[in-house]
Amino acid sequence: MPRLAPIFLAIAIPGLAASQRGPSSCGVACAAASARSAAIGDVRYRLEFDAAHGVSRAVGVQMTFTVRSDDAVLLSLPAWTPGAYEISDYARNVSGFSAASSARALRWDKSDPDTWRIYPDGAREITVRFESRADSLDNAFNWAEDEFALVNGTNVFLYPEGQPFEFPATVTVRAEPTWRIVTGLTRAADGSYTAPTYHELVDAPFFIGRFDLDSALIAGKWMRLATYPAGSETGTRRAALWDALQKSVPPQAAVFGEVPWSAYTVMQIADSTFRGMSALEHQNSNVGVVGTPFLDESFVPSVYAHEIFHAYNVKRLRPADLWPYRYDARQPTPWLWMSEGITDYYADLVMVRGGAITPADFRGLTHGKIDHVAQLPPVALEDASLQTWLRMRDGTQDIYYDKGSLAGLALDILIRDASDNAASLDDVMRGLYRTAYQAGRGFTADEWWGAVSRAAGGVSFADFAARYVHGREPYPWDLWLPKAGWRLVTDTLIEARLGVVLAPDSTGLVVSAVDPRSVADVAGVRVGDVLEKVAGVPASDPAFFRKWSQQAGGAAGAPLDIEVRRSGKLITLHGELRFVTLIHARVEDDAAATSKAQRIRHGILTGTVSAP
Ligand SMILES: [Zn+2]
């Protein structure tokens with residue numbers, strides 16, 4: 001899933017979601033009714049992106065295949081991209097569709113909203129062509145500027161509806177001769193790219209154009225760093241990112257006991273209009289979009305650690321109801337708290353285990369997550385996972401990240417406590433990776449809880465699951481943290497709050513919800529407004545949430561100007577500064593920790609287990 005800047009999640013404005021999009025035009029019923037395409041073979045795709053395409057912000061797409069019968073060929077485009085759990089209906093970006101055999105145009109129509117039906121009429125080799133718009137700055141979409149394109153396979157590669165996804169394909173790319181091309185697909189001797197299945201084909205986005213690219217050996221395998229625009233990630237900034245990757249990747253390999261890629265590519269777009277950061281995982285690459293003002297923020301390497309961990313957890317080790325992926329409709333699962341939340345726990349863990357952050361930083365990230373959960377209405381992890389497709393507007397949209405991460409910490413502590421630190425959550429992850437993923441299938445609930453219980457020496461976790469995963473009970477940190485040599489300290493703080501939920505997209509920070517009777521509500525902020533400035537502090541400032549209340553200064557009731565863009569017009573709303581009382585959590589080392597608790601804490605922070 002696109003991972004959003006933790007700085008936002010931890011401070012002031014919970015529930016930052018990816019840009020909101022319309023509901024599905026093709027739900028489960030549509031899939032159930034789907035027809036079956038004639039079988040096709042020898043599938044070849046061609047992408048065209050040159051200077052002219054850059055100007056028109058479109059990608060030229062061609063697909064050639066063979067057919068053996070005159071039955072209709074049904075070609076569909078995905079409705080979503082795995083990892084970005086929202087319906088995007090990429091077919092809506094298609095224009096100029098045509099089908100032909102040699103010079104003979106073939107008849108076609110639509111058989112459902114995102115499926116083209118082509119009538120072969122005796123043809124045995126067919127080529128379809130279309131253009132795909134590339135103007136959405138979103139890691140699950142196509143996006144282009146004059147000399148650069150991000151192309152996502154789900155946006156451009158048609159598949160035969162109702163036929164197996166296990167068909168091989170080749171991709172050729174026509175671009176300007178001096179431009180670069182980077183993708184996770186395997187490059188053949190003739191310069192084309194190959195994919196053994198459709199799943200792998202659409203799991204490898206392309207960068208085409210002018211961008212910076214270099215590589216380094218990490219954990220014995222090549223890692224490439226591709227960054228656009230050229231010059232945006234250079235010098236000490238690039239060195240710092242490489243350093244963080246060098247430190248955070250080997251501890252991931254240590255958890256699973258292998259590096260599953262032959263080469264991995266980190267693909268980054270920096271753009272001044274993007275607020276925060278969002279990244280999307282693939283099996284041997286990820287695409288991050290970062291607001292230019294945020295490039296030096298500490299969350300950037302942390303987000304990449306999260307995405308790279310996904311190469312193990314969700315791209316390979318995956319819940320059974322996401323295996324295999326379907327592309328025509330929503331694919332809900334109650335397990336995103338594990339696939340996303342536990343991935344985020346490990347992002348923090350591998351950063352501290354590799355020395356990219358300190359144990360104090362790790363505690364800070366943990367209490368930031370505890371704070372975030374405490375500020376929201378209680379939501380069960382399974383429910384939050386299932387409803388992510390709806391883009392919830394009550395602030396809980398992304399809560400399965402932080403709350404799931406905390407569930408991971410709790411399980412790690414409880415397993416280590418029950419086993420006297422002889423086993424850990426690492427054993428659960430590594431064990432399921434071997435027994436489920438490496439056996440070619442997804443894991444089930446029984447397998448997950450069975451693995452947790454075995455790691456803990458046979459202790460049942462049915463009660464834990466009922467209360468804290470299926471249920472909504474608050475997490476008893478006073479009980480859990482001391483088992484790992486930590487304790488929770490709470491501070492009461494009086495803070496200025498706007499009372500809005502913001503969703504960053506390419507237009508800016510869009511208001512997606514306004515708390516009733518909050519500062520923003522009373523001032524007249526509306527859902528759909530783009531937040532520009534508060535008390536003169538631009539919303540694009542990385543330290544915006546800290547600065548605006550300082551800038552406003554004064555006591556409750558002091559005037560507070562809120563600038564928003566509404567229907568393209570800049571307007572200034574006049575509000576009043578108000579404060580709310582918040583309980584903030586802090587995780588500290590416990591001075592009274594037993595030697596067992598100290599061993600458990602050391603084990604979590606270093607990725608080790610130890611006998612007494
Ligand atoms: Zn994620």
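Computed from a predicted model, the values in this text were never measured in an experiment. As the structure lists them, so they are numbered: ligands from 1, and atoms in each ligand from 1.
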message: Run the side-chain hydrogen bond (donor to acceptor under 3.5 Å, both in side chains) test against T154 and tell me which residues pass, sequence neighbours left out.
response: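 So T154 forms a side-chain hydrogen bond (donor to acceptor under 3.5 Å, both in side chains) with T81.
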
- request: May I have the angle between H310 NE2 and E340 OE1 with its vertex at the Zn ion (ligand 1), rounded to 10°?
  value: 90°

- request: Indicate if the distance from the Zn ion (ligand 1) to the nearest N, O or S atom of E281 falls below 2.8 Å.
  value: no

message: Can you tell me which N/O/S atom of H306 has the shortest distance to the Zn ion (ligand 1)?
response: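 Relative to the Zn ion (ligand 1), the closest nitrogen, oxygen or sulfur of H306 carries the name NE2.
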
- prompt: Does D243 have any salt bridge (charged side-chain N to carboxylate O under 4.0 Å, His left out) partners at least two apart in sequence or in another chain, and if so, which?
  reply: K247

field: Cation-aromatic face contact R318/Y325, 6.0 Å, 45 degrees
entry: yes

task: Taking only Lys NZ, Arg NE, NH1 and NH2, and the carboxylate oxygens of Asp or Glu, determine whether E281 and K315 approach each other closer than 4.0 Å.
output: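 No, E281 and K315 are not salt-bridged.
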
